[in-house]
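In listed order, ligands and their atoms are each counted from 1. The model shown is predicted, which means the values in this text are computed figures rather than measured ones.
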Amino acid sequence: MAVTGHVSLVGAGPGDPALLTRKAAARLRAADLVLYDALVDVRVLKFARRAQKFFVGKRAGRHALSQHAIHAVMIGAARRGRRVVRLKGGDPFVFGRGGEEALALRAAGVSFDVVPGITSAVAAPALAGIPVTHRGVASGVLVVSGHDEDAFAATVAHVASNVVTLVVLMGLARSRALANRLIASGWSRETPAAIVVDASTPHQQVWRGRLDELASTESPIDTDGPGTIVVGDVAAMDLMNVDGQEWRDRREGQAASGGGAPRVVRKEASHVGR
Ligand code: SAH
């Protein structure tokens with residue numbers, strides 16, 4: 001008898017259900033079983049009306065289910081003919097262990113597909129008015145994990161400052177140490193920095209400052225939510241609130257005076273989803 005089960009590795013986007021792709025919504029509607037991670041917004045889960053839903057992520061540092069157990073559950077359910085959605089925050093292949101799951105499914109001979117999602121690495125800065133690249137300001141972007149200080153330092157060691165933008169995921173708890181590592185490896189203390197927390201949710205907050213401020217502050221932003229750190233000249237941009245000319249004037253003034261970007265902590269209502 002043919003096995004008709006299937007697994008979709010689906011990206012849920014940064015939070016706001018309006019940022020879910022149409023394919024992700026369709027997979028959720030058709031699902032029998034949804035296995036979801038900690039950063040998946042509850043509003044997104046509502047699309048999966050008929051499915052059983054299981055939290056398999058990490059909460060307070062403890063895994064609800066080991067990675068191996070997640071593989072076993074997905075494979076077992078698909079072999080029983082069920083349509084499984086493995087739902088991850090942002091994009092499944094950006095620090096989501098989606099690659100490992102794809103390999104496990106392939107090795108087991110289970111039919112699967114990938115539904116890319118909007119990654120917070122790009123969306124969180126964008127929703128704070130920060131373009132990760134900008135002509136004449138940053139010609140590239142490096143997305144790096146801040147989970148492990150040494151791995152972070154090794155990854156950024158050969159990256160020129162003020163040429164590319166650094167986007168640090170999973171780094172909020174260690175922002176101070178990470179900023180010190182950057183300064184130690186030659187990044188200018190005045191480099192603009194920003195932190196965007198709970199992007200695309202009604203609790204979105206933005207902190208703006210400089211690398212040296214980040215390096216001397218234990219927790220620049222008071223939150224339990226996920227946060228994305230942006231380091232580089234683009235982090236001083238605020239395109240929703242400042243027009244281009246004003247920003248250029250500010251930037252030139254800053255370069256002349258050697259002063260830093262204004263520091264702003266803002267709570268913002270979500271732009272959509274209300
Ligand atoms: N696969 C996800 C990233 C997983 S790592 C993606 O593509 O977005 C988890 C990290 O993502 C968090 O530590 C945080 O740095 C970032 N993140 C996730 N959701 C976020 C949000 N709504 N706002 C800001 N950062 C977020």
Roughly how far apart are [X] [atom1] and [Y] [atom2], rounded to 0.5 Å?
| X | Y | atom1 | atom2 | value |
| --- | --- | --- | --- | --- |
| T21 | R27 | OG1 | CZ | 9.0 Å |
| F152 | M170 | CZ | CE | 12.0 Å |
| D198 | T228 | CG | OG1 | 10.0 Å |

Between R174 and D148, does at least one N-O distance fall below 4.0 Å, as a salt bridge requires?
no
For ligand 1, does V196 get within less than 4.0 Å through its side chain, its backbone, both, or neither, judged by non-hydrogen atoms?
backbone
Test of understanding: given a 4.0 Å heavy-atom threshold, classify the contact between L172 and ligand 1 as side chain, backbone, both, or neither.
neither
Protein contact of [atom] - nearest heavy atom, named by residue and atom, plus distance:
| atom | answer |
| --- | --- |
| atom 2 (C) of ligand 1 | G89 O, 3.2 Å |
| atom 7 (O) of ligand 1 | T119 OG1, 2.7 Å |
| atom 9 (C) of ligand 1 | L39 CD1, 3.5 Å |
| atom 18 (C) of ligand 1 | S120 OG, 3.4 Å |
| atom 1 (N) of ligand 1 | V94 O, 2.6 Å |
| atom 21 (C) of ligand 1 | A199 N, 3.6 Å |
| atom 25 (N) of ligand 1 | T228 OG1, 2.8 Å |

Does ligand 1 have an atom under 4.0 Å from some heavy atom of P14?
yes
Heavy-atom gap G227 to ligand 1 smaller than 4.0 Å:
yes
Linked, directly or transitively: L214 and V159 (ILVMFWY side chains, under 4.5 Å):
yes
Taking only heavy atoms of L169 into account, list the atoms of ligand 1 that are under 4.0 Å away from them.
3 (C), 15 (O), 16 (C)
For D91, atoms of ligand 1 separated by under 4.0 Å from a heavy atom
1 (N), 6 (C), 7 (O)
Which heavy atom in S200 sits nearest to a heavy atom in D16, and how many Å separate them?
OG-N, 2.9 Å
Which atom of A128 lies closest to which atom of V196, heavy atoms considered:
CB-CG2, 3.7 Å
Take atom CZ of R106 as the centre, draw a 6.0 Å sphere, and report whether it contains more than 12 heavy atoms from other residues, nucleotides or ligands.
no
Proximity of Y36 and F54 rings by center, below 6.0 Å:
no
Less than 3.5 Å between some nitrogen or oxygen of F95 and one of ligand 1, yes or no?
no
